[in-house]
Amino acid sequence: MIKVLIADDEFIVRKGLIATVDWKKFGMEVIAEAPNGQKAWELFQQHCPEVVVTDIVMPEMNGIELARNIKQNSPATKILLLSCHRDFTFAQEGMNIGVSGYIVKTAFEDNQFEEYLGRIEHEINHANVQNSYDTSYLAKEFYEWLCGFENSFPKLVGELFTYEWNWMENPYVIYLINGLNSSEFFQENLSGGGMQFVLIPCGHEQAFIFIQEKSKANFEHLLVEARSNNSTIRWMEHGPNRGMNEWMNGVTKLFKRFKFEKQFKVSMEDWPLPIHKAVQIMIQDLDKSFSSSYIANEVGLSRSHFSTMFKKTVGESFITFIEKLKIKAACELLENTSLPLQDIGEKIGIQDGKYFSKWFKKCMGKTPSEYRQNKKQNVS
């Protein structure tokens, strides 16, 4: 769903827009509302909506200032301005910033508003599909989808497979590469070599690359060359694959396994099958709380035998391991997404936002917000 934020200092206007507009008709959902510009700006940074509907005259921060901040932070965001007055100066200033429309509330017409929403929906879901695989928008949606959050990514992939990615209806191989300082080496060499490919950045120093199966040998020569220049580069592959369903399944399996092995600096190929299976269960459903008895039963062992084998294989107890798995997942989500803390907590099985913050601080020595802010400062 396309996320929408509404900002207006008039309560009745906010509630009226939420209640009377058929948002689902345009694939949209109002995820937050704000009574002033400053609160709207805070909610925008928290939720990252694709559409903002804002009044111009508001306390603390007006709609023009809000729109300017949003466009500087996220140029792709669509903004509709509302005003009680037909003032050309406001309209002109809004257009200079890059807003999508200007509506006078005193002459408000449902057809006009819905026409804007229809146009915005098309721009978000269709116009940006062209060459979208090398945009930060696709990378952000891709990473959040891989981490298990519902967003527009599956729909976007469906459209890409209809046009630009239809060559992947034939056999292709998926590579997940880690240790990249940048993806320029692969972009330049693959483009210059005439191979059909797709490259999507994924989190920190990682990228997925999709290559035709017939180009696999040439691409692996390129991988060896890249590693000779950068010894930290490592990769895993999955395939051959065909079509969209195998694409979705392949990247999910590869990402979860690669992320686990990277975090814990192990190779599960060397582990006994029951332990391998146990860890896969935990990785797949990190939002659930598993007991050692339950996992032992799932892999066909007694609890005591499982606990002994687990500690001998992994090097730590089941309880310690699963807490470490959750904290590392939380850290990665805080670093690489703008998702709200409540959502991140739920993703690792902690439903209470306050408890999540308390638990995270106990484990990491700082709150989730402090951790995220420190990481942003280090990057900048």
Identify the heavy atoms of [X] and [Y] that sit nearest to each other, and give their distance.
X: N230; Y: G179; answer: ND2-O, 3.0 Å
X: R303; Y: A296; answer: CA-CB, 3.8 Å
X: G63; Y: L81; answer: O-CD2, 4.2 Å
X: L43; Y: A34; answer: CD1-CB, 3.9 Å
X: M282; Y: F318; answer: SD-CE1, 3.5 Å
X: R119; Y: S100; answer: NH1-O, 4.3 Å

Consider only side-chain heavy atoms of I, L, V, M, F, W and Y, link residues closer than 4.5 Å, and tell whether [X] and [Y] are in one cluster.
X: L138; Y: M1; value: no
X: L117; Y: I31; value: no
X: F113; Y: I12; value: yes

Whether [X] side chain and [Y] backbone form a donor-acceptor pair below 3.5 Å:
X: K78; Y: V99; value: no
X: N189; Y: F185; value: yes
X: K358; Y: T367; value: no
X: N62; Y: E65; value: yes
X: E237; Y: I174; value: no
X: K216; Y: I211; value: no
X: K366; Y: K361; value: no

Original post:
Can you find a side-chain donor-acceptor pair between T320 and S317 that sits under 3.5 Å?
Top reply: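 Per modelled atom types, T320 and S317 side chains form a pair under 3.5 Å.
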Subject >> Exercise: do E323 and W359 side chains pair donor with acceptor under 3.5 Å >> reply: yes
**OP:** Using a cut-off of 6.0 Å, state whether more than 12 heavy atoms not belonging to Q351 lie near its atom CD.
**Re:**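 Yes, CD of Q351 has more than 12 neighbouring heavy atoms, counting only those of other groups under 6.0 Å.
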Subject >> Exceeds 12 heavy-atom contacts within 6.0 angstrom, atom NZ of K253 >> reply: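 Open: at most 12 neighbouring heavy atoms sit under 6.0 Å from NZ of K253.
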Original post:
With K347, which residues qualify under salt bridge (charged side-chain N to carboxylate O under 4.0 Å, His left out), at least two apart?
Top reply: none
Side chains of [X] and [Y]: does their closest heavy-atom pair fall under 4.5 Å?
X: I120; Y: M28; value: yes
X: V173; Y: Y175; value: yes
X: E346; Y: I350; value: no
X: V53; Y: L17; value: yes
X: I70; Y: L66; value: yes
X: F356; Y: Q342; value: no
X: M248; Y: V157; value: yes
X: M61; Y: N69; value: yes

Parallel, tilted or perpendicular, judged at 30° and 60°: which one describes the rings of [X] and [Y]?
X: F142; Y: W247; value: tilted
X: F310; Y: F321; value: perpendicular
X: F219; Y: F186; value: tilted
X: F210; Y: F208; value: parallel
X: W167; Y: Y172; value: perpendicular

**OP:** Could you walk me through whether T77 and E50 pass the side chain to side chain contact (heavy atoms under 4.5 Å, CB included) test, one step at a time?
**Re:** CA-CA 5 Å; T77 303; E50 292 94 338; 5.9 Å; no
**OP:** Can you sort out the partners of K214 under side chain to side chain donor-acceptor pair (under 3.5 Å), two or more places apart, ordered by chain and number?
**Re:**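 Checked K214 against side chain to side chain donor-acceptor pair (under 3.5 Å); zero matches.
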To the nearest 0.5 angstrom, please state how far the [atom1] atom of [X] sits from the [atom2] atom of [Y].
X: L223; Y: I233; atom1: CG; atom2: CD1; result: 8.0 Å
X: I2; Y: W23; atom1: CD1; atom2: CH2; result: 11.0 Å
X: S369; Y: L341; atom1: OG; atom2: CG; result: 4.5 Å
X: Q196; Y: L190; atom1: CD; atom2: CG; result: 12.0 Å
X: I319; Y: S292; atom1: CD1; atom2: OG; result: 6.0 Å
X: S291; Y: I322; atom1: OG; atom2: CD1; result: 9.0 Å

Original post:
Do any pairs count as a salt bridge (charged side-chain N to carboxylate O under 4.0 Å, His left out) and have a residue in residues 21-48, sequence neighbours left out, and if so which ones?
Top reply: R14-E33, K15-E33, K25-E114
**OP:** Please determine if R227 forms a cation-pi arrangement with W235, meaning its NZ or CZ atom is less than 6.0 Å from the six-membered ring centre and no more than 45° off the ring axis.
**Re:**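 Yes, R227 and W235 form such a contact.
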Original post:
Step by step, would you call T54 with L82 a side chain to side chain contact (heavy atoms under 4.5 Å, CB included)?
Top reply: CA-CA 6 Å; T54 178; L82 304 177; over 6 Å; no
**OP:** List the steps and the verdict of side chain to side chain contact (heavy atoms under 4.5 Å, CB included) for M364 and C331.
**Re:** CA-CA 9 Å; M364 298 298 294; C331 288; 3.8 Å; yes
**OP:** Could you please spell out the steps behind the side chain to side chain contact (heavy atoms under 4.5 Å, CB included) verdict for F360 and E370?
**Re:** CA-CA 11 Å; F360 188 91; E370 290 169 344; over 6 Å; no
**OP:** Kindly determine whether K140 and E144 satisfy salt bridge (charged side-chain N to carboxylate O under 4.0 Å, His left out), including the steps that lead there.
**Re:** CA-CA 6 Å; K140 172 181 171 292; E144 291 185 1; 3.7 Å; yes
Original post:
Charged N to carboxylate O under 4.0 angstrom, E332 versus K328?
Top reply: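 Looking at K328 together with E332, the answer is no, because their closest N to O distance does not fall below 4.0 Å.
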